[in-house]
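These notes are about the structure you will find just below.
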Amino acid sequence: MEYNHKEIEERWQKFWADTKTFTAKNNSDSPKYYVLDMFPYPSGAGLHVGHPLGYIASDIYSRYKRAQGFNVLHPMGYDSFGLPAEQYAIQTGQHPAVTTEQNIKRYREQLDKLGFSFDWDRQVKTSDPSYYKWTQWIFLQLFNSWYNPETDKAEPIDSLIKKFESERSDWKTLSEKEKSDVLMDYRIAYLGEAFVNWCPALGTVLANDEVKDGVSERGGYPVERKLMKQWSMRITAYAERLLTGLDSIDWSESIKEAQRNWIGKSEGCSIRFKIRHPELVSGSDNEMLKQVQHDDTTIEVFTTRPDTLFGITFLTLAPEHELVSKITTEENKQQVEAYLNYAKNRSERDRQADVKKITGQFTGAYAIHPFTGKQIPIWVGDYVLAGYGTGAVMAVPGGDQRDWNFAKHFGLPIIPVIEGSDIEKEANESKEGKMINSDFLNGLQVKEAIKKIIAEIEKRGLGKGKINYRLRDAAFGRQRYWGEPIPIYYKDGIPFAVDEKDLPIVLPEVDKFLPTEDGEPPLARAKDWTYTPHPQPFSKGEGSREPQTSGAVSDSLSFGEGRGEAKEAYPLETTTMPGWAGSSWYYLRYMDPHNEKEFVSKAAADYWKDVDFYLGGSEHATGHLLYVRFWTKFLKDRGFISIEEPAKKLVNQGMIQGVSEFAWVTVSKEVLGKLLSVVNISSDFIEQYEGPAYLSADLVGEVYKIAMKDPEVNTKYSFLKQVNNSTFPIQARKQDRNDVNDLVALDLNVVFNVWPDRKEAVFISQGCALIKNRLIDFENGKSKDFFSRGTIDKMSKSKHNVVNPDELVEKFGADTLRMYEMFLGPLEQSKPWNTNGITGVSGFLKKFWKLYLNTSEEKASAAELKILHNTIKKITDDIEKLSFNTSVSTFMICVNELTDLKCNKREILEPLVILIAPFAPHIAEELWKNFGNNESVTFAKWPEYKEEYTVENSFSYPVSFNGKTRFFHELDVALSKEDVEKEVMALEQTQKYLEGKQPKKVIVVPKKIVNIVV
RNA sequence: GCCGAGGUGAUGAAACUGGUAAACAUGCUUGUCUUAGAAACAAGAUUUUGAGAGUUCGAAUCUCUCCUUCGGCACCA
């Protein structure tokens, strides 16, 4: 009977679905184990071979844990809110809910074909109102909480109101609006004015982690800084806990490091500088010190190097700094304003792109050095970031390279403060050395100096030791449609929380998914986007601050809707939540997905606790993985769950890359002509050339070789570029690609079908050129094929290099694909996809199947038992280490050996089925059933390794001379070192290799090696 | 610039606490079978661990220096 993967896989997939094999129980005597995959965004492109890599690994682990007797929770769902569906909706008018649903359906079909053991009854979709009801609910908890630095945790906002009532005498006199404004500065979800990353092309604000190199991560559109009123999350309150928590979790070092960088803790000191009184133009240093006491304007700076205080020669303020306009003198006003204008109009990308460009302007104002009384000029410069520290720096050009650059550029003085600094050449940023030119710090080592100066600064009340974090509060509002509505309404301009009873606030219908004419977010297009608050029967009326006792945290500020008051509709918030809102708590919802009363029941949360094993891509290092930790800590603070960290162990699977077909492009006519003349190709046609021109890859090699010898061409060679649009669809390959470096001929007609605009381009190969689809034959007898070279690239629909798993499942079966993906290499390593090797795994499964054709009940031989138990041990160890590639090899070795022994014994083959079941579950179920088992192999007990079957009583010692192995000699393992040495020395071969010399030393390592030193 | 992970045959890779480098697979060559191809089966070949130094009887593995690839952060005071 042939191995028929199609029939087997269909049968068992149906069986699993029908019998709900993988349902996880919320109460069980078995120990729990929670295996979680990062849920996918259901894109229109469907799954490619890279997506399942992690799912396969986690599935193997889940199935293994089940066989070990654990109650395994292994769910799957969809992160179904997001930009691509909305962009698509804008283009086509199709509702994102519709396309998202289609995509989910397709994903599900593809996932089902791979035989995953997900508990589909627990599926969540973040865009489902029954799910986002609770995302909104969590938002309300965040809105109604503040971070109490004394208890170091989040508390209900009521505790803050009480505190204000007792501690602030003016509290009662404040208006409703004023109270709201004060509280807003404390709420964890708050509406605040801040500089945000505004992306005009997407029409929305982006969080810091959604911006890379000054452009949006999705789409690559420019981003600018803009001061906006915006919903934000006070993640900064959790900076220290997010940092220290990293030490308690088993996550990859690279992710932890990325988070540490992102949090960016630095220890230093704040110092306040007084500003010289504008009328006092000159005077002795002492007079200055006295005089400034009368002016209460100060500039506060943050520094990690307070020891260099005596090296200050100027202060620099960020252009956005609020004091700039206040302190700028009349004479300098014009230039400073011009500069501020310039800085404002420079986009983030421009600013980051030429960081070397030094710009700035003198304000005309002076600060006074708090120790020396010297006047320090105050400058504005955009090398100082408004968002970090205080937005102002004390410039020490002798000790900081950026300050040094600025000082050099504007001719400001530079004072060395550390012995041995060569301030002519560069700043000395070293934290080692002896202080000079620094008054009472002179002679101290840097570290001592830092301690001493902080103490002195604190003593004189100039500032204090301080810890700063680079982490910023996260922008939470998005001016987009396809996201969770923020459950906030506005009454008299004051934001109020929607009553929990009214959740979910369902996404309204809109006519277009675009901003309104006056730039309001799409939700502003909805009719009646308003909210009518309930009368509050228990409200004590105006001014009441009694916390609600119902347990539900409704908005304690929503007084005023007294009993019997007329219902009135108020406008709702029009921005929506970002993509990371729904994913910041989904792991909790899986525990109790159908609960209509709570986001998760206490019982379910207490049973499943945290994720034991979380698997996903490393691209979420500073986004999702930071936010999910933040929300977890918050929910714990408020007593909803009992865990501090969401996932004990996190593994990042490597990316499966694609191979793109690629050809070089020239952008200049001159270079093209020169290059072609180098390889003796007629360049007559160049007259008709208008870029871009693609060069066949075989031509480029030749051109390159010759060009390197010609200095003129060599320098211009850089005009020959790899650019984004120089890749070609893989369908255009005329033959299969074996290796990335191979040249492959392309069928340009296929290219034109995929990308019609390429017809306008110029293609040059050795024997001909194609210009706007017109062929020019060089008639030189050379190849007319256009070749591309492979390049490792991201696998994506837009690159046309996607390998679809469906075709492979169709041809080879899911079990083969699963094992092949694992066989490719270590889980955490990125690697380009290459389908070629799959035949090896396919052949292996056929061979495996054959072993089971005529099984017998005979007793197994010692040799067979040894193979089995070695396999049990290796497979078990490998799964524990997540070394699935070596597991697959082990199975291959095992099957090869059993085949050689013609083994057909049930005693060996039945346990082997259990071992392979996590990897190739379909074939395992089939063979398991054939042995007469009625239950799924899923719950068969994992075979136990028995050492007694694998002990060897002899070992073949490699005998080496000076470390070089020369021959082998088999000896009893029970022999002592001395006996082994005696035996080996007595050998004829040993004497032969000794060539009559006396050995200096003989090293015997039992069961390892014999080394003879001559 | 800082941080993290790497660098082993033609290719994907393996090698546990230093102890036979290249298991397993792909590719390649040859043969059997077949009308032919695919498949299946059988046989076979290649290399010395990025470079250099050190420790050691012995180093892919430990230490140092350098080169290099990938990823993250980056005007963060």
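In what follows, every chain begins at residue 1, and chains take the letters A, B, ... in the order their sequences are listed.
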How would you label the contact of [X] with the nucleic acid (heavy atoms, under 4.0 Å): base, sugar-phosphate, or nothing?
{"X": "A:S254", "result": "sugar-phosphate"}
{"X": "A:V393", "result": "base"}
{"X": "A:N896", "result": "sugar-phosphate"}
{"X": "A:S618", "result": "nothing"}
{"X": "A:A258", "result": "sugar-phosphate"}

Please measure how far the [atom1] atom in [N] lies from the corresponding atom in [M], and state the result in whole Å.
{"N": "B:C2", "M": "B:U65", "atom1": "P", "result": "13 Å"}
{"N": "B:A39", "M": "B:G7", "atom1": "C1'", "result": "38 Å"}
{"N": "B:A45", "M": "B:U26", "atom1": "C1'", "result": "16 Å"}
{"N": "B:U46", "M": "B:U56", "atom1": "C1'", "result": "32 Å"}
{"N": "B:A59", "M": "B:G18", "atom1": "C1'", "result": "6 Å"}
{"N": "B:U47", "M": "B:G9", "atom1": "P", "result": "12 Å"}
{"N": "B:U29", "M": "B:A53", "atom1": "C1'", "result": "42 Å"}
{"N": "B:G37", "M": "B:G50", "atom1": "P", "result": "42 Å"}

Check whether any side-chain N or O of A:Y388 sits under 4.0 Å from OP1 or OP2 of B:A77, and answer yes or no.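 Indeed, a polar side-chain atom of A:Y388 lies that close.
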Is A:S252 near enough to B:A5 that one of its side-chain N or O atoms lies under 4.0 angstrom from OP1 or OP2?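 Result: no.
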Specify whether [X] and [Y] have parallel, tilted or perpendicular ring planes, treating 30° as the upper limit for parallel and 60° as the lower limit for perpendicular.
{"X": "A:Y820", "Y": "A:F823", "value": "tilted"}
{"X": "A:F302", "Y": "A:Y388", "value": "perpendicular"}
{"X": "A:F273", "Y": "A:H369", "value": "perpendicular"}

For [X] and [N], give me the distance from atom [atom1] to atom [atom2], rounded to whole Å.
{"X": "A:D382", "N": "B:A77", "atom1": "CG", "atom2": "P", "value": "18 Å"}
{"X": "A:I1003", "N": "B:C57", "atom1": "CD1", "atom2": "C1'", "value": "3 Å"}
{"X": "A:L827", "N": "B:A13", "atom1": "CG", "atom2": "P", "value": "13 Å"}
{"X": "A:W262", "N": "B:C3", "atom1": "CH2", "atom2": "C1'", "value": "15 Å"}
{"X": "A:M655", "N": "B:G6", "atom1": "CE", "atom2": "P", "value": "17 Å"}
{"X": "A:L471", "N": "B:A74", "atom1": "CG", "atom2": "P", "value": "12 Å"}
{"X": "A:W379", "N": "B:C75", "atom1": "CH2", "atom2": "C1'", "value": "17 Å"}
{"X": "A:H969", "N": "B:G19", "atom1": "NE2", "atom2": "P", "value": "23 Å"}

Side-chain H-bond candidate by donor/acceptor type, A:E257 with A:N261, under 3.5 Å: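 Side chains of A:E257 and A:N261: no pair found under 3.5 Å.
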Checking A:S266 against A:N468: is there a side-chain donor and acceptor pair closer than 3.5 Å?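 No, because no side-chain N or O of A:N468 sits under 3.5 Å from a partner of the opposite role on A:S266.
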What are the two closest non-hydrogen atoms of [X] and [Y], and how far apart are they?
{"X": "A:A57", "Y": "A:M822", "result": "N-CE, 3.9 Å"}
{"X": "A:V384", "Y": "A:G391", "result": "CG1-O, 3.6 Å"}
{"X": "A:P306", "Y": "A:I457", "result": "CB-CD1, 4.5 Å"}

Show me the dot-bracket string of RNA chain B, counting Watson-Crick or G-U pairs under 3.5 Å, with | for pairs to another strand and [ ] for crossing ones. (((((((..(((......[....))).(((((.......))))).....(((((..]....))))))))))))....
Going by a 90° cut-off around 0, is B:G9 syn or anti?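 In terms of base orientation relative to the sugar, B:G9 is syn.
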Counting C-beta onward and ignoring hydrogens, is there a side-chain heavy-atom pair between A:P826 and A:N885 closer than 4.5 Å?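 Yes - at least one pair of side-chain heavy atoms lies under 4.5 Å apart.
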Heavy atoms from C-beta onward define the side chain here; which of [options] lies closest to that of [X]?
{"X": "A:K831", "options": "B:A23, B:A13, B:U17", "value": "B:A13"}
{"X": "A:I893", "options": "B:A23, B:C75, B:U20", "value": "B:A23"}
{"X": "A:T304", "options": "B:C73, B:A77, B:U17", "value": "B:A77"}
{"X": "A:F823", "options": "B:A23, B:G12, B:G19", "value": "B:G12"}

Which residue is it: A:K874, A:K873, A:K881? I am looking for the one with a side-chain hydrogen bond (donor to acceptor under 3.5 Å, both in side chains) to A:D877.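 The residue from A:K874, A:K873, A:K881 that satisfies side-chain hydrogen bond (donor to acceptor under 3.5 Å, both in side chains) with A:D877 turns out to be A:K873.
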Examine A:F406 together with A:F314 and report whether their ring centres are nearer than 6.0 Å.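 Ring-ring flag for A:F406/A:F314: true, centres closer than 6.0 Å.
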Tabulated below should be each protein N or O lying under 3.5 Å from an N or O of nucleotides 37-48 of chain B; please produce it.
none

Return yes when atom CG of A:D247 has more than 12 non-hydrogen atoms of other residues, nucleotides or ligands closer than 6.0 Å, and no otherwise.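 Above 12, so yes.
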Ion pair check, A:K6 and A:E810, cut-off under 4.0 Å: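 Salt bridge: yes.
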Go nucleotide by nucleotide along RNA chain B from the 5' end; which of A:N1011 and A:V841 gets its closest nucleotide reached first?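 Here A:V841 is the residue nearer the 5' end.
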Between A:K1001 and A:G264, which is nearer to the 5' end of RNA chain B once each is assigned its nearest nucleotide?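 Result of the comparison: A:K1001.
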Which residue, A:W849, A:F844, A:Y852, A:F812, forms the ring-ring contact (aromatic ring centres under 6.0 Å, His included) with A:Y3?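 That would be A:W849; it is the only one of A:W849, A:F844, A:Y852, A:F812 passing the ring-ring contact (aromatic ring centres under 6.0 Å, His included) with A:Y3.
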Pairs: protein N or O with nucleotides 14-16 of chain B N or O, under 3.5 Å:
from: B:A14; atom 1: OP1; to: A:N885; atom 2: ND2; distance (Å): 2.8

